[in-house]
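Structure record follows, encoded as structure tokens.
Indexing begins at 1, ligand by ligand and atom by atom, following the structure's order.
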Amino acid sequence: MQQAARAAGKSESLDKLLTDYPKGPHDQPQSMCPAFGSLRVGLRMRRTATILSGSACCVYGLTFTSHFYGAKRTVGYVPFNSETLVRGQLYEDIRNAVYEVAKPADYDAVVVINLCVPTASGVPLDRLPKAIDGVRIIGIDVPGFGVPTHAEAKDVLAGAMLRYARTEAEAGPVARPRAVSSMPTVTLIGELFPLDPPGVGAILAPMGLAVGPSVPPREWRDLYGALDCAAAAAVHPFYTASIREMQAAGRPVVGSGPVGEEGTADWLDSIAAATGISADTAKAKALPAIRAAIAENQIEARITVSGYEGSELLVARLLIEAGADVPYVGTACPQTAWSEPDRAWLAAQGTQVQSRASLEQDRAARLEGRPELAVGTTPLVQKAKALGIPALYFTNMVSARPLFGSAGAGALAAIVAAQTKGRDRFSRMVSFFDNVGSGETAGYGWTDVPKDPPGAKDRLRKAREAKAKAAMAVGT
Ligand code: SF4
């Protein structure tokens, strides 16, 4: 598909993706369809229409997943068949759909996302009009063979929108963001738990700083507020395109985040260096509270951490500060300059940090590390539980709680304690299900691969042939 996409004129788009999101040991995503990241960012925005262009099966899966994760919005879709694809009619259909949808009374922006097949076929979304009656049109290629994780796909759209908004702001007056702080702001980059931005705002307040609109934004005019900051914080360090836009707007960018006592102190120092405002008062206020929260919520367990959200290193830092032994952290996201402070800190604690970790690496680490708790993705958690190791879903459990400040310390300790306490229960489950087999021999009574009843395949083939013949005969 890569070769097809290049032959169809998508080399520039693919090269840009390859530079921003370098490939790892696996050249295809090992988690959900990456386009989900872009789709989710679009669906979370007010007055923004999101339209998919791709195979119906992909669109079905993406629509299902987005509604599973609570999107209460319509997912637009321009269907195609091999004829409309080959004749170039699909592009015309997309163009017509965009004109139909782009009504200024309804929308500020229309986002069109090319999935694998239209990207490989060279459907040129860059030729769509840049705006229709003032409604911005953003066309992006997000193929599974070009974007390694859904996390990075969030940046594909966020970066494209920031770029558009930056050029608008450079050209003249723009709409005022919904909430404008009287203080200089810090823009948090990354999709965060809703309680985290106000928590970080409280930590920054003694410096005379506030938290501005985050990236990815919740509506178009937030993009102007995000760009208009004193400093940007790449809390999720893989937002390469968004960070590039922040830097193009002349904003300093800092890495890491305010996790744990040491992490918060380091982060506040970075913010102070970026803004020229002393962090002494903020540190004097925030650090004792975080220290007390960590002391009250000690974690005594050996834990491996892996995930594809991009916050794995921050979670590992907090676990270690709370007393946990973390031999391994794997993240499906790449290493960047903005994750370097966390990587270096974790390496200094003796933790193995694996960027662009494959599922195989995560599994091997789970076996080697012999953890009392494995935090990870669905296939890893499933395997850990089958082995009787307590396990925790990173996305549904860890990412769904605060991470920063004293709230983060308390929340993480609570879920770790709840899971590690269940260790005996897991051992009982393993012994209970012992000898029931696995794979094709799963279940009572099977000791071998189940065999088809004699003649069944033949009967089914004949039935299929008869049905096909009957269908052919219709109308003759
Ligand atoms: S084929 Fe491509 S667009 Fe479709 S689900 Fe897979 S990665 Fe996503």
Side-chain angles (χ1 to χ4, degrees), residues 1-11 13-18 20-44 49-69 71 73-82 84-86 90-91 93-94 97 111-126 128 138-160 191 238 241 307-310 332-334 356-359 377-379 395:
M1 284 187 117
Q2 280 194 22
Q3 282 169 3
R6 286 185 185 279
K10 287 283 183 186
S11 287
S13 170
L14 287 187
D15 288 343
K16 190 162 166 287
L17 291 176
L18 201 56
D20 285 351
Y21 317 111
K23 293 264 162 72
H26 47 89
D27 65 354
Q28 296 198 337
Q30 289 189 306
S31 57
M32 67 179 86
C33 169
F36 176 62
S38 302
L39 176 63
R40 180 177 161 89
V41 166
L43 290 179
R44 289 178 77 229
T50 313
I51 298 175
L52 295 175
S53 142
S55 305
C57 47
C58 309
V59 173
Y60 167 73
L62 286 162
T63 311
F64 179 90
T65 315
S66 55
H67 291 298
F68 176 78
Y69 280 103
R73 309 277 296 280
T74 300
V75 179
Y77 176 41
V78 181
F80 67 85
N81 56 34
S82 32
T84 59
L85 189 66
V86 171
L90 174 57
Y91 171 73
D93 290 347
I94 293 172
V111 174
V112 187
I113 302 171
N114 253 354
L115 304 180
C116 283
V117 171
T119 304
S121 305
V123 174
L125 295 185
D126 52 341
L128 289 172
I138 312 276
I140 50 172
D141 296 326
V142 193
F145 54 85
V147 183
T149 62
H150 84 286
E152 287 153 287
K154 293 177 191 173
D155 180 50
V156 177
L157 179 53
E191 213 183 14
F238 55 83
Y308 48 58
E309 298 292 331
C333 295
R356 270 287 184 257
S358 65
L359 182 58
T377 53
T378 307
T395 304

Tell me every residue that passes salt bridge (Lys or Arg N to Asp or Glu O under 4.0 Å) with Arg6, counting only those two or more places apart in sequence or in another chain. Asp15
How many angstroms lie between atom CG of Leu62 and atom CG of Leu115, to the nearest 0.5 angstrom? 6.0 Å
N, O or S of Cys57 under 2.8 Å from atom 4 (Fe) of ligand 1: no
Would you call the rings of Tyr60 and Phe64 parallel, tilted or perpendicular if under 30° counts as parallel and over 60° as perpendicular? tilted
Under 4.0 Å to a heavy atom of Leu115 - the qualifying atoms of ligand 1, by number: 3 (S)
With rounding to the nearest 0.5 angstrom, report the CZ to CG distance, Phe80 to Asp93. 11.5 Å
Indicate if the distance from atom 2 (Fe) of ligand 1 to the nearest N, O or S atom of Cys58 falls below 2.8 Å. no
Just jot down the ligand 1 atoms closer than 4.0 angstrom to any heavy atom of Gly144, in number order. 7 (S)
